[in-house]
Chemist: 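Just passing along the structure, written as structure tokens.
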Amino acid sequence: MFSDPETPEPVARVATIMSDFGATWLLCGGWAADSALGRLTREHHDIDITVFHEDQRALFEHLAGWQLVGHDDHVADDSSEPWLGRELEPPAHIHALPQGSPPADSRTGQGPGFNLEVILNERSGDEWLFSRAPHIALPLSRCVVQSPWGVDAVTPEVIVFYKALPPAWRNGPRTPIRRRDERDFAALLPQLAGEQRRWLHDSIALIEPAHPWLPRLRG
């Protein structure tokens, strides 16, 4: 059982849920942004973690009894079809509700209580693989940090990369940047050191040369 009075309840809860998971998992998304900042900056409708693609079967078995909906290019975003362990192809994510929760809304994938979203990411050896073509990667050691809440989280440059280039944008028509992603970027920008900014700028520019965040990363 995870217990730390300084840790926000959703983070403590997911830490307890994943405490005996036998593979790597990391806090990501908005909660990871707040952990990097050391404070809560906005409301969160769910809690995001990332698991590596190769460990999805272990995750499926770990969350036995949960309501799981898996999304990849073969499943529409508004699907509520249960994920029964089929291997999901990257990019992919899983909406998860605890056993006994009311069914999730098919439009949002969210329910009225605790909502866990698991993002499946890729790695190659000791590198985190952000893109195959163009090849964009970082050593895993640069991608993981222990948060002040006692759980491992992705580093700020990883958070910003995925908020700048969500899978829907990388693989299809550009969509507007979500307001919460813009807010997280603005809050994290002062936390980024020179090398982090350079990597982000160059990596984002490889995929989207006209991305609106590039001038701010150069500044």
Side-chain angles (χ1 to χ4, degrees), residues 1-42 44-63 66 68 88 90-96 98 114-131 136-167 180-181 184-185 187-193 195-197 199-200 203:
M1 178 69 70
F2 181 89
S3 178
D4 183 337
E6 301 300 320
T7 302
E9 190 278 333
V11 178
R13 184 170 180 180
V14 80
T16 297
I17 291 165
M18 300 299 291
S19 62
D20 57 350
F21 182 57
T24 298
W25 71 274
L26 303 166
L27 190 66
C28 65
W31 277 108
D34 277 356
S35 76
L37 296 165
R39 66 185 189 278
L40 299 184
T41 63
R42 62 175 176 84
H44 301 278
H45 299 293
D46 59 10
I47 185 163
D48 298 336
I49 65 172
T50 186
V51 168
F52 287 112
H53 180 267
E54 64 208 54
D55 298 320
Q56 61 178 284
R57 184 67 195 182
L59 177 75
F60 177 75
E61 294 172 356
H62 185 74
L63 297 180
W66 284 53
L68 304 175
L88 301 172
H93 64 278
I94 300 153
H95 287 117
F114 179 81
N115 288 267
L116 176 64
E117 183 168 3
V118 184
I119 314 299
L120 298 182
N121 281 298
E122 293 187 271
R123 66 179 171 187
S124 177
D126 61 356
E127 288 190 322
W128 187 305
L129 187 59
F130 294 89
S131 172
I136 299 173
L138 271 179
L140 287 170
S141 59
R142 274 193 55 182
C143 300
V144 182
V145 65
Q146 186 174 66
S147 76
W149 298 328
V151 300
D152 286 343
V154 298
T155 52
E157 61 261 53
V158 175
I159 300 169
V160 172
F161 180 88
Y162 285 120
K163 286 183 173 292
L165 299 168
R180 64 178 179 268
D181 292 335
D184 288 343
F185 171 61
L188 287 170
L189 187 58
Q191 306 287 322
L192 298 171
E195 177 57 29
Q196 293 170 303
R197 289 191 182 212
W199 178 83
L200 273 168
S203 299

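Everything numeric here is computed off the predicted structure, so don't read it as measured data. Reckoned from all heavy atoms, side chains included, excluding hydrogens, waters and symmetry mates.
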Chemist: Determine whether Tyr162 and Asn121 make a side-chain contact, defined as any pair of heavy atoms from C-beta on separated by less than 4.5 Å.
Modeler: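 With C-beta onward as the side chain, the pair touches.
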Chemist: For this output row, return yes or no: ring centroids of Phe130 and Trp199 closer than 6.0 angstrom.
Modeler: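 That pair passes the under 6.0 Å test.
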Chemist: So, taking the atom named CZ in Arg42 and the one named CG in Asp184, what distance separates them when rounded to the nearest 0.5 Å?
Modeler: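 Spacing of CZ (Arg42) from CG (Asp184) equals 4.0 Å.
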Chemist: Supply the atom-to-atom distance His93 NE2 to Leu120 CG, rounded to the nearest 0.5 angstrom.
Modeler: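 Reported to 0.5 Å precision, the distance equals 9.5 Å.
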Chemist: When you compare the side chain of Phe185 with that of Leu189, does any pair of heavy atoms fall below 4.5 Å?
Modeler: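 Touching, per the 4.5 Å side-chain cut-off.
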Chemist: So, applying side chain to side chain donor-acceptor pair (under 3.5 Å) with Glu157, which one of Gln191, Gln196, Arg197 is it?
Modeler: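 The residue from Gln191, Gln196, Arg197 that satisfies side chain to side chain donor-acceptor pair (under 3.5 Å) with Glu157 turns out to be Gln196.
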Chemist: With side-chain contact (heavy atoms from CB on, under 4.5 Å) as the test, pick out the partner of Ile49 among Val151, Ile119, Val118.
Modeler: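 Looking at Val151, Ile119, Val118, the match for Ile49 under the side-chain contact (heavy atoms from CB on, under 4.5 Å) is Val118.
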Chemist: Supply the atom-to-atom distance Leu37 CG to Ile159 CD1, rounded to the nearest 0.5 angstrom.
Modeler: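 So the gap between those two atoms works out to 8.0 Å.
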Chemist: Examine distances only and state if a side-chain atom of Asp152 and a backbone atom of Leu26 form a donor-acceptor pair shorter than 3.5 Å.
Modeler: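 Not at all, since once roles are kept as given, no pair shorter than 3.5 Å links the two residues.
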Chemist: State, yes or no, whether a side-chain contact exists between Cys143 and Arg123 at a heavy-atom distance under 4.5 Å.
Modeler: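 No, their side chains stay 4.5 Å or more apart.
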Chemist: Where do Ile47 and Leu27 land on the side chain to side chain contact (heavy atoms under 4.5 Å, CB included) test, with the steps shown first?
Modeler: CA-CA 8 Å; Ile47 185 163; Leu27 190 66; 3.9 Å; yes
Chemist: Rounded to the nearest 0.5 Å, what separation is found between the SG atom of Cys28 and the CD atom of Glu117?
Modeler: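 Here the rounded value is 8.0 Å.
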Chemist: Do you know the tightest heavy-atom contact between Phe161 and Ser203?
Modeler: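 Taking every non-hydrogen atom into account, CE1-CB, 4.0 Å.
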Chemist: Would you please classify the geometry between the Trp31 ring and the Trp149 ring as parallel, tilted or perpendicular, with 30° and 60° separating the classes?
Modeler: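 Perpendicular, since the angle between the ring planes exceeds 60°.
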Chemist: Whether the side chain of Thr7 engages the backbone of Ala12 through a donor-acceptor N/O pair (distance < 3.5 Å, no angle test) should be reported.
Modeler: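 Checking the backbone N and O of Ala12 against the side chain of Thr7, no donor-acceptor pair under 3.5 Å is found.
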Chemist: Report the distance from atom CZ of Phe52 to atom OG1 of Thr24, rounding to the nearest 0.5 Å.
Modeler: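 One gets 6.0 Å once the value is rounded to the nearest 0.5 Å.
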Chemist: Compare every heavy atom of Lys163 with every heavy atom of Gly29, then report the nearest pair and how far apart it is.
Modeler: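 Distance-wise, the nearest heavy atoms are C-CE, 4.2 Å.
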Chemist: Can you see which heavy atom on Leu140 is nearest to which on Gly125, and at what distance?
Modeler: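 Heavy atoms only, the tightest pair is CD1-O, 4.0 Å.
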Chemist: Given 3.5 Å as the limit, does a donor-acceptor pair link the side chain of His53 with the main chain of Pro91, or not?
Modeler: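 Not at all, since once roles are kept as given, no pair shorter than 3.5 Å links the two residues.
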Chemist: As a quick check of understanding, evaluate side chain to side chain contact (heavy atoms under 4.5 Å, CB included) for His62 and Asp20, giving each step before the final call.
Modeler: CA-CA 9 Å; His62 185 74; Asp20 57 350; 2.9 Å; yes
Chemist: Would you check, one step at a time, whether the test side chain to side chain contact (heavy atoms under 4.5 Å, CB included) holds for Ile17 with Trp25?
Modeler: CA-CA 11 Å; Ile17 291 165; Trp25 71 274; over 6 Å; no
Chemist: Less than 4.5 Å apart, side chain to side chain, heavy atoms only: is that true for Trp128 and Val154?
Modeler: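 The answer is yes, as the side chains (C-beta and beyond) meet within the 4.5 Å cut-off.
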Chemist: What distance separates Glu61 CD from Asp55 CG, expressed to the nearest 0.5 Å?
Modeler: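 Output value for this atom pair is 11.0 Å.
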Chemist: Take His44 and Asp34 through the side chain to side chain contact (heavy atoms under 4.5 Å, CB included) test and state the conclusion after the steps.
Modeler: CA-CA 10 Å; His44 301 278; Asp34 277 356; 2.8 Å; yes
